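Notes follow the structure.
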Amino acid sequence: MRILHTADLHLGQILYQYYERTDEHNHFFDQLRQWCDIYKPDALVVSGDIFDIQQPSAAVKDFFNRSFVSLHLQFPDIQIVIAAGNHDSAARIEADREVWGMSGVKLVGHGPSVDAATQPDGWQERFVVELPTGYIVVLPFVASLRSDTLQSLLDYVDQRNADGRPVVMMAHQAVSGSDTTGHSDVGNLRDLGIGDFGTGYDYLALGHIHRAQTIGHPLADENNEHSSYAAGIARYSGSALHVSCDEQYPHTVSLVDIDRHGGTVELTRLRIDELRHFFILPPNGTPAASSAEEVYDMVDGFCRETGSGYIRLRIDRRTPIPVDFVQTIYRRLEETGNEVRFNPKTVFENDDEQPEEAVRPVFEIAELKQMTDPLDFVRKMIDSFPELDINQLEEDFKEVENEIRKGQES
Ligand SMILES: [Mn+2]
């Protein structure tokens, strides 16, 4: 069985509240089409966060429709499977399920209910795609996912899988122990351990964390084009595009070959060529800028020489900043047609040994949107509020969470 695994498309993302990225997503889909053509996978699986927001605009929805319709028409033999992520509206994805189903494209919005595993068998069917070459368990994002639900899905497949076909499971969840660089929701209370996903899958196709990685294997391996694993591995394909400036690592689509159930998983990392890259000016490891004029010259030089990309500035914090500093940069970039784009989250640095007073952390909108747990935000801000006790807050949050869960279960 051969699949292409991607996730976290975040279609419709507006970066820095200003720049829409349709051309970048288009460039991604061009590559996806090429890989479908070259590798002829049995399935293309998209493990959640199709859209960046719950109610994407008509134009973004149209882009989604046209992109996947064209993929399907060009490659009707490739099973397309799409699961909702936490950024997607499960109800809206679910509402499109029947229409896409008519052409064989599988969309799943709603996940199983909290007590699914206690229900009589049969509920699992809507989460399972059976192919001649293998099975795909499609699990969208679920706020409180229980391990008995996951095991029940895998057992359901196992009972039908007499001829030992490969089993792929999709999920959009944070798995504890994964590298979350570029995310703020580190230490999420609702993280699942990899053991919670149960046994019976050969490849767990994860979405949510934007850094490509195989759980339990070194990040350094991501520099290799190929890896071979004994079946039963879990992997984040990583996001389609850089979603924030902190994602300074290669983005890839995973090409996965599985010979048989319990056999070998061969992974090929297909490097995504991005239309616009992220740059830090001046580059890390060189002195930060120390005057506004220096910054303007640097920005002009970048526009002239590189001409495309997202830029973020590093400025010495003692630098006097003119009141029209940001506007001046935007104006200079507009003159070049906005092909160079400005990330206003400037990094202020100071090379002095002097201890810095506590500075309130600054968040990018994209970072905030990634937070699935309100406590993550509190943890980031806690130093600014010495009167608050983080342990007490954690207990209070847990209490609220338990009350909500009780409400959902009853
Ligand atoms: Mn997500």
Side-chain angles (χ1 to χ4, degrees), residues 5-15 21 24-25 28 44-56 60-61 64 68 81-94 107-112 127 137-145 150 169-194 196-197 204-215 234-247 249 251-254 272 363-377 379-380:
H5 166 208
T6 185
D8 298 273
L9 308 183
H10 292 271
L11 301 181
Q13 192 196 21
I14 309 284
L15 207 48
R21 313 184 74 184
E24 293 175 69
H25 278 116
F28 169 75
L44 166 66
V45 306
V46 190
S47 300
D49 284 357
I50 314 307
F51 298 106
D52 194 52
I53 56 171
Q54 304 242 329
Q55 298 189 33
V60 172
K61 193 71 196 301
F64 165 83
F68 280 101
V81 187
I82 297 171
N86 58 311
H87 279 237
D88 301 307
S89 157
R92 282 165 191 272
I93 299 282
E94 195 70 31
L107 259 67
V108 182
H110 290 307
F127 301 102
V137 178
V138 196
L139 199 65
F141 171 75
V142 181
S144 44
L145 186 58
L150 290 152
M169 181 156 75
M170 296 162 68
H172 188 91
Q173 302 288 150
V175 176
S176 55
S178 48
D179 183 286
T180 54
T181 308
H183 288 260
S184 303
D185 52 356
V186 188
N188 192 321
L189 280 178
R190 283 182 289 262
D191 271 13
L192 295 166
I194 196 63
D196 293 325
F197 286 86
L204 179 57
L206 291 166
H208 187 54
I209 305 295
H210 292 169
R211 182 168 201 164
Q213 56 195 294
T214 306
I215 305 296
R235 178 169 173 81
Y236 286 102
S237 64
S239 57
L241 307 180
H242 288 63
V243 175
S244 86
C245 213
D246 297 319
E247 298 181 27
Y249 36 76
H251 287 234
T252 57
V253 165
S254 300
I272 300 164
F363 296 99
E364 283 182 25
I365 298 292
E367 260 181 286
L368 282 172
K369 283 185 181 168
Q370 293 305 318
M371 291 191 189
T372 49
D373 184 342
L375 253 185
D376 296 330
F377 181 75
R379 283 193 199 95
K380 286 250 171 181

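Numbering of ligands and ligand atoms starts at 1, following listing order. The structure presented is a predicted model; accordingly, all values stated were derived computationally and were not measured.
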Residues at least two apart in sequence or cross-chain that pass side-chain contact (heavy atoms from CB on, under 4.5 Å) with A83, listed by chain then number, are V138, P140, M170

Checklist entry - Taking 2.8 Å as the cut-off, does an N/O/S atom of D8 lie below it from the Mn ion (ligand 1)? => result no

Report whether any nitrogen, oxygen or sulfur of H172 sits less than 2.8 Å from the Mn ion (ligand 1) (N, O or S, backbone or side chain).
yes

With sequence neighbours left out, the residues meeting side-chain contact (heavy atoms from CB on, under 4.5 Å) with S176 are D191

Vertex the Mn ion (ligand 1), ends N86/OD1 and H208/ND1: angle to nearest 10° comes to 90°

Residues H87 and H172: side-chain donor-acceptor under 3.5 angstrom: no

Smallest heavy-atom separation, A84 atom then I93 atom, equals CB-CG1, 4.0 Å

min-distance N/O/S atom, D49 vs the Mn ion (ligand 1), resolves to OD2

